[in-house]
There are 2 protein chains.
Amino acid sequence: MTNSCAEKNLCKRDAKKEEKRAAIVAIAQQHFTEHGFGGTTMSAIAADLGGSKTTLWSYFSSKEDLFAAALDDWIDIFEPVRNIRYEGDLRETLVSYCCDFLNQMLTPQVETMFRLVIAEAKRFPELGQIFYEQAPLRRHKALSAFLQQEMDSGRLRQYDSVRMSSQLHHLCLYRLFMHSIWGLEPDTSPAQIRLEAENVVDLFLNGYAAA
Amino acid sequence: MTNSCAEKNLCKRDAKKEEKRAAIVAIAQQHFTEHGFGGTTMSAIAADLGGSKTTLWSYFSSKEDLFAAALDDWIDIFEPVRNIRYEGDLRETLVSYCCDFLNQMLTPQVETMFRLVIAEAKRFPELGQIFYEQAPLRRHKALSAFLQQEMDSGRLRQYDSVRMSSQLHHLCLYRLFMHSIWGLEPDTSPAQIRLEAENVVDLFLNGYAAA
DNA sequence: AGAAGATCGTACTGGAGAGTACGATGACCA
DNA sequence: TGGTCATCGTACTCTCCAGTACGATCTTCT
């Protein structure tokens with residue numbers, strides 16, 4: 001009976017610590033995205049937190065630490081890609097998928113995260129790779145599995161499904177995403193997104209639909 | 001005879017100043033790309049220059065100033081796109097263009113510049129836009145003019161040439177460039193580039209070649 | 001030659017921000 | 001109830017770096 005907390009596995013203390021940690025990370029995310037790594041100050045985070053610097057450092061032993069934690073937690077915004085399933089019309093299925101994809105990519109959070117990762121990839125060398133594996137790679141796997149399935153069903157020509165998946169994704173990014181990365185302000189109305197998606201899918205199917 | 005320099009328009013003094021300025025900018029570019037804006041120190045630049053800080057500040061009154069100058073000068077690495085001209089085979093013409101494009105985009109300088117611009121777009125708001133106008137926009141204009149021409153010659157379907165141009169460019173960027181932005185190391189051998197380019201052009205022409 | 005200007009080196013100021021020290025207060029646990 | 005642990009606030013140190021001051025030297029123009 002050295003530690004009754006361990007038994008319950010839910011000391012009030014530990015719970016509060018978890019909560020606080022989460023609060024810190026949330027505030028840190030906000031600061032990092034708004035000002036980048038260099039522009040963010042620990043003091044400001046502490047102030048925003050309402051707590052003291054001492055507390056902050058008791059959770060994270062350095063700014064880098066906190067940044068890593070913020071990013072790690074953050075990758076969850078790439079929620080599992082909606083399941084793609086053939087629904088009677090391949091074109092419509094793909095268009096709908098592309099719309100979802102575009103909508104997600106054009107989210108301010110995703111945009112900001114891209115910016116941040118790219119900016120700090122030098123300072124945190126593994127960052128790019130982790131990020132790549134979490135986001136685009138997962139997507140590519142999911143989409144290419146779907147495409148393979150469609151090939152097997154005879155609705156698409158047999159081809160390199162991984163390559164096709166990348167191509168479709170990149171076609172989606174065309175224009176809108178690059179603009180938003182460069183601080184321009186593209187039209188992101190649902191109608192415009194739909195238009196982009198249809199355009200992309202048409203080009204794609206022209207190339208890969210079964211004869 | 002108030003100033004004989006003005007007449008010759010080539011005082012040794014002025015010439016040297018130009019030279020020095022260029023030297024500073026060159027060194028600054030190197031530092032900014034290697035360490036980003038935040039990671040670059042004026043002192044280090046001065047040291048690398050061999051001169052003193054005083055001199056440095058006599059040319060550029062602040063770090064921001066120097067950064068702007070460095071970038072301004074730098075945009076020239078986007079050398080005028082090779083003229084695209086139909087040469088008897090549309091597919092081959094486009095493949096060759098795409099190879100050139102990819103080779104340019106995968107240059108370390110271009111990659112670094114992208115990184116820098118994206119990273120500092122918040123600090124220097126006009127940066128993104130200037131950059132966009134200098135690089136991708138010029139390209140798009142050139143390529144879409146060519147595509148329009150090809151439509152008029154009947155080798156391509158009539159369509160929105162600007163959109164087509166963006167699509168072709170973005171298809172090229174697929175995989176290779178994104179990888180290099182994320183710090184992965186894609187295969188950039190000529191053979192691989194050629195393969196990518198052919199693949200892209202085939203998809204493109206499937207969609208847009210005249211029937 | 002002599003004035004004007006550019007460069008140099010070095011030492012300084014001033015500000016910002018990461019991280020620490022420490023004593024006090026309160027929350028939780030046994 | 002008494003001990004442990006988290007938190008708090010404040011004030012501090014340390015380091016880094018942009019930008020300045022200044023007197024000495026070297027170059028170029030007239």
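Every chain is numbered from 1, with letters handed out A, B, ... down the list of sequences.
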Asker: When the nearest nucleotide of DNA chain D is assigned to B:K16 and to B:G39 on a heavy-atom basis, which residue is associated with the more 5' position?
Answerer: B:G39
Asker: What is the distance, rounded to the nearest whole Å, between atom NE2 of B:H35 and atom P of D:dC16?
Answerer: 15 Å
Asker: Using a 4.0 Å heavy-atom cut-off across all strands, classify B:G50 as base, sugar-phosphate, or nothing.
Answerer: sugar-phosphate
Asker: Of the options D:dC17, C:dG9, C:dT20, whose atoms approach the side-chain atoms of B:S52 most closely?
Answerer: C:dG9
Asker: Would a line drawn from the ring center of A:F114 to the ring center of A:F131 be shorter than 6.0 Å?
Answerer: yes
Asker: Does the base of C:dA6 carry an N or O that pairs as donor and acceptor with the side chain of B:T54 under 3.5 Å?
Answerer: no
Asker: Please determine, for the side chain of A:K53, which listed nucleotide (C:dC8, D:dC8, D:dA11) has the closest atom?
Answerer: D:dA11
Asker: Choose from D:dT7, D:dA18, C:dG9 the nucleotide whose nearest atom is closest to any side-chain atom of B:M42.
Answerer: D:dA18
Asker: Looking at A:Q29 and A:A70, would you say the former's side chain and the latter's main chain have a donor-acceptor pair under 3.5 Å?
Answerer: yes
Asker: Check the distance between D:dT28's C1' and B:D14's CG and give it to me in whole angstrom.
Answerer: 11 Å
Asker: What's the closest nucleotide to the side chain of B:K63 if the choices are D:dA18, D:dA6, C:dG19?
Answerer: D:dA18
Asker: Would you check if the side chain of B:S161 reaches a backbone N or O of B:Q148 as a donor-acceptor pair within less than 3.5 Å?
Answerer: no
Asker: Send over the distance from A:E19 CD to C:dC28 P, rounded to a whole Å.
Answerer: 11 Å
Asker: For A:Y97 and A:F146, I'd like to know if the aromatic rings sit close, meaning centre-to-centre distance below 6.0 Å.
Answerer: no
Asker: Is the closest side-chain donor-acceptor distance between B:Q167 and B:Y208 under 3.5 Å?
Answerer: yes
Asker: Report the nucleotide, chosen from C:dC22, C:dG17, C:dT7, that has the shortest atom-to-atom distance to any side-chain atom of A:T41.
Answerer: C:dG17
Asker: Given atom NZ of A:K17 and atom P of D:dT7, what is their separation to the nearest angstrom?
Answerer: 7 Å
Asker: Quick check on C:dA6: is either OP1 or OP2 less than 4.0 Å from any side-chain nitrogen or oxygen of B:Y59?
Answerer: no
Asker: How would you label the contact of A:S43 with the nucleic acid (heavy atoms, under 4.0 Å): base, sugar-phosphate, or nothing?
Answerer: sugar-phosphate
Asker: Tell me whether the side-chain N or O atoms of B:S62 pair up with the base of D:dG19 as donor and acceptor below 3.5 Å, since no angle test is needed here.
Answerer: no
Asker: B:W57 CH2 to C:dC12 P: how many Å, rounded?
Answerer: 18 Å
Asker: Find the distance A:D65:CG to C:dA18:P and express it as a whole number of Å.
Answerer: 14 Å
Asker: Could you tell me whether A:S61 contacts a base, only the sugar-phosphate backbone, or nothing, with contacts defined as non-hydrogen atoms closer than 4.0 Å?
Answerer: nothing
Asker: Choosing from C:dT7, C:dT10, D:dA6, which nucleotide comes nearest the side chain of B:S58?
Answerer: C:dT7
Asker: So does B:C99 get a backbone contact from the side chain of B:N103, meaning a donor-acceptor N/O pair under 3.5 Å?
Answerer: yes
Asker: Nearest whole angstrom, please: distance from the P of C:dG17 to the CD of A:E64.
Answerer: 15 Å
Asker: Rounded to whole Å, how long is the line connecting atom NZ of B:K20 with atom C1' of D:dT27?
Answerer: 12 Å
Asker: Looking only at the side chain of A:T55 (C-beta and beyond, no hydrogens), which of the listed nucleotides C:dA6, D:dA18, D:dT7 gets closest?
Answerer: D:dT7
